[in-house]
2 protein chains.
Amino acid sequence: MENQMIPDIIISRLPIYLRALRHMQDMGKFTTSSQELGVVVGISAAQIRKDLSQFGEFGKQGTGYDIAFLIGQLREILKVERVWDVAVVGMGDMGHALARYQGFSDRGFRVALVFDNDPAKIGAQVGNFVVRDMHEIVGAIRNSGIRLAMLCVPAQVAQEVTDLLVEAGVKAILNYAPISLSVPAGIRVQYLDPSIGLQRMTYYMD
Amino acid sequence: MENQMIPDIIISRLPIYLRALRHMQDMGKFTTSSQELGVVVGISAAQIRKDLSQFGEFGKQGTGYDIAFLIGQLREILKVERVWDVAVVGMGDMGHALARYQGFSDRGFRVALVFDNDPAKIGAQVGNFVVRDMHEIVGAIRNSGIRLAMLCVPAQVAQEVTDLLVEAGVKAILNYAPISLSVPAGIRVQYLDPSIGLQRMTYYMD
DNA sequence: TAGATTGTTAATCGATTAACAATC
DNA sequence: TAGATTGTTAATCGATTAACAATC
């Protein structure tokens with residue numbers, strides 16, 4: 001079988017490699033080495049080679065990696081050779097920004113549904129979307145088969161909305177709300193709280 | 001000396017503990033245990049105790065931790081008992097959302113300056129701020145003594161803007177642009193690319 | 001060929017967990 | 001007191017690095 005339990009820490013680096021490789025490609029480059037890629041992403045060459053070798057032999061001694069080929073392999077490994085529909089929940093400033101974000105389309109994602117519970121927002125247009133009533137969230141997500149959501153509601157209601165997302169069949173949540181979420185086994189959460197990001201750096205300031 | 005080189009992975013968990021403790025406090029709780037906190041944040045009780053013990057003895061056998069006291073200690077360790085001024089660079093949707101974000105004030109941060117290079121935006125009001133010309137960025141940040149910035153410009157110009165931020169004296173950057181940044185030693189970067197967050201989860205989907 | 005770079009092994013390094021004496 | 005929970009040690013587990021034969 002393909003999956004011999006690759007450590008999550010390795011998986012978490014692959015999107016970084018992919019992003020850097022696409023950037024190199026945009027700059028007109030055709031090949032790279034673990035050394036060169038390592039400088040760009042700030043990771044040792046040995047680690048990059050070890051990470052990639054978990055999935056196959058993608059390079060050539062002496063010349064390194066073909067960028068287009070490695071991009072293709074990483075997209076397949078990460079399952080972003082396809083396009084995933086995503087729901088955005090909460091049309092405050094952050095949800096609004098994500099609904100209109102132009103950076104998803106070439107990275108494997110497409111916003112497909114957006115929700116809010118504010119009557120003043122329901123039915124309004126945000127980007128290319130009509131804001132749907134949060135009360136319809138379970139049915140709408142279930143019908144669409146969507147399994148990815150971005151959560152941009154206030155912390156106060158984030159857990160209850162999460163429970164609805166899980167009930168609707170969502171398997172992975174990108175959480176912008178500043179709170180730890182409780183989810184059943186098998187449901188993934190990634191946290192993007194800006195204050196946490198800043199607090200991880202102030203410790204080092206004089 | 002206070003700093004015997006605490007591993008970064010421990011530092012990165014402290015803001016999570018702090019956020020959860022404040023949530024407990026908001027719920028009216030006064031004490032907690034490493035066990036209880038561990039369930040909330042999804043980290044083992046042993047690890048929480050080990051992490052905290054790097055900085056002092058904050059708990060009591062038999063009863064656990066006083067929440068208010070531990071919050072105070074963590075705020076001091078992370079240096080967020082004070083308020084840090086932050087610059088937001090790039091007034092697209094994401095920068096706009098951050099400039100108006102209400103979640104910084106009680107977490108140790110305050111947006112103080114916002115920048116864009118679009119003549120149509122310069123001088124306009126965003127939240128409580130007047131958008132300043134990006135051409136003034138080095139002088140303005142240097143004058144204000146700001147050492148934290150949130151970067152929300154297009155990937156294409158993110159590195160050159162980063163170089164300006166570093167020149168201006170910024171020591172830590174929260175990067176929303178979808179690109180790896182190159183910075184001198186001693187400058188910290190935290191990455192919050194939403195597509196990376198999603199790609200870290202699609203690998204696990206069937 | 002000579003030089004470069006891979007994939008992999010073994011060694012090192014670091015982080016997590018389990019267990020428990022101390023003690024509130 | 002009896003029960004609970006800390007801080008810490010030692011053991012385990014996992015990740016990173018260094019080195020190099022293979023080979024393009």
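Quick note: numbers below take in every heavy atom, side chains included, and nothing from hydrogens, waters or symmetry partners. Throughout, protein chains are lettered first and strands after them, A, B, ... in sequence-line order, and every chain is numbered starting at 1.
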Notebook entry, point to check: Hey, is A:D206 close enough to B:K79 for a salt bridge, meaning N to O under 4.0 Å?
Noted result: no
Notebook entry, point to check: D:dT6 P sits how many Å from B:L70 CG, rounded?
Noted result: 11 Å
Next item on the list: Find the distance B:Q35:CD to D:dG3:C1' and express it as a whole number of Å.
Entry: 15 Å
Margin query: Working note: A:R19 + B:I196, criterion side chain to side chain contact (heavy atoms under 4.5 Å, CB included); need CA distance, chi angles, decisive distance, verdict.
Written below: CA-CA 8 Å; A:R19 185 177 65 184; B:I196 295 279; 3.6 Å; yes
Margin query: C:dT6, OP1 or OP2 - any side-chain N/O from A:R49 closer than 4.0 Å?
Written below: yes
Item checked: side-chain contact (heavy atoms from CB on, under 4.5 Å), paired with B:Y17, selected from B:I43, B:L70, B:I71 -> B:I43
Note to self: Whether B:S34 contacts D:dT6 is assessed here as follows: a side-chain N or O lying under 4.0 Å from the phosphate OP1 or OP2. Is that the case?
What the structure shows: yes
Checklist line | B:D193 with A:R107: basic N within carboxylate O range, under 4.0 Å | finding: yes
Margin query: Given D:dT6, C:dT8, C:dT5, identify the nucleotide with an atom nearest to the side chain of A:Q61.
Written below: C:dT5
Notebook entry, point to check: From C:dC24, C:dA15, D:dA15, pick the nucleotide closest to the side chain of B:I9?
Noted result: C:dA15
Next item on the list: Apply side chain to side chain contact (heavy atoms under 4.5 Å, CB included) to the pair A:T202 and B:W84, showing each step before the final yes or no.
Entry: CA-CA 9 Å; A:T202 49; B:W84 296 87; 3.6 Å; yes
Notebook entry, point to check: Taking atom P of D:dA15 as reference, at what distance in whole Å does atom CD1 of A:I6 sit?
Noted result: 11 Å
Checklist line | Rounded distance in Å - CD1 (A:I43) to C1' (D:dA18) | finding: 18 Å
Notebook entry, point to check: Would one find more than 12 heavy atoms of other residues, nucleotides or ligands at under 6.0 Å from atom NZ of B:K60?
Noted result: no
Next item on the list: Return the value, rounded to whole Å, for the distance between atom CG of B:D8 and atom C1' of D:dA15.
Entry: 16 Å
Check: A:I67 has an atom CD1; how far is it from atom C1' of C:dT6, in whole Å?
Finding: 16 Å
Margin query: With a 4.0 Å cutoff (strictly under), does any side-chain N or O of B:Y65 reach OP1 or OP2 of D:dA4?
Written below: no
Next item on the list: Between D:dC24, C:dG7, C:dA18, spot the one nearest the side chain of A:K60, thanks.
Entry: D:dC24
Next item on the list: Using a cut-off of strictly less than 4.0 Å, decide whether B:S44 has a side-chain nitrogen or oxygen near OP1 or OP2 of C:dT17.
Entry: yes
Check: How far apart are the C-alpha atoms of A:D51 and A:Q47, what are their side-chain angles, what is the distance that settles it, and do they pass the side-chain hydrogen bond (donor to acceptor under 3.5 Å, both in side chains) test?
Finding: CA-CA 6 Å; A:D51 288 351; A:Q47 181 149 90; 5.1 Å; no
Item checked: Nucleotide nearest B:K50 (side chain, heavy atoms from C-beta), chosen from D:dT8, D:dC24, C:dA22 -> D:dT8
Next item on the list: Convert the base pairs of DNA chain D into dot-bracket notation, remembering that pairs crossing earlier ones are written with [ ] and that bases paired across to another strand are shown as |; include only Watson-Crick or G-U pairs under 3.5 Å.
Entry: ..||||||||||||||||||||||
Check: DNA chain D: A:P7 or B:S53, which has the more 5' nearest nucleotide?
Finding: B:S53
Margin query: What is the separation between atom CD1 on B:I48 and atom C1' on D:dT8, rounded to the nearest whole Å?
Written below: 16 Å
Checklist line | Closest to the B:S33 side chain, choosing from D:dT8, C:dT8, D:dT5 | finding: D:dT5
Check: Is the phosphate of D:dT16, meaning OP1 or OP2, less than 4.0 Å from a side-chain N or O of A:Q47?
Finding: yes
Margin query: How many whole angstroms separate atom CD of A:E36 from atom P of C:dT5?
Written below: 9 Å
Margin query: Are more than 12 heavy atoms, taken from residues, nucleotides or ligands other than A:K121, located less than 6.0 Å from that residue's NZ atom?
Written below: yes
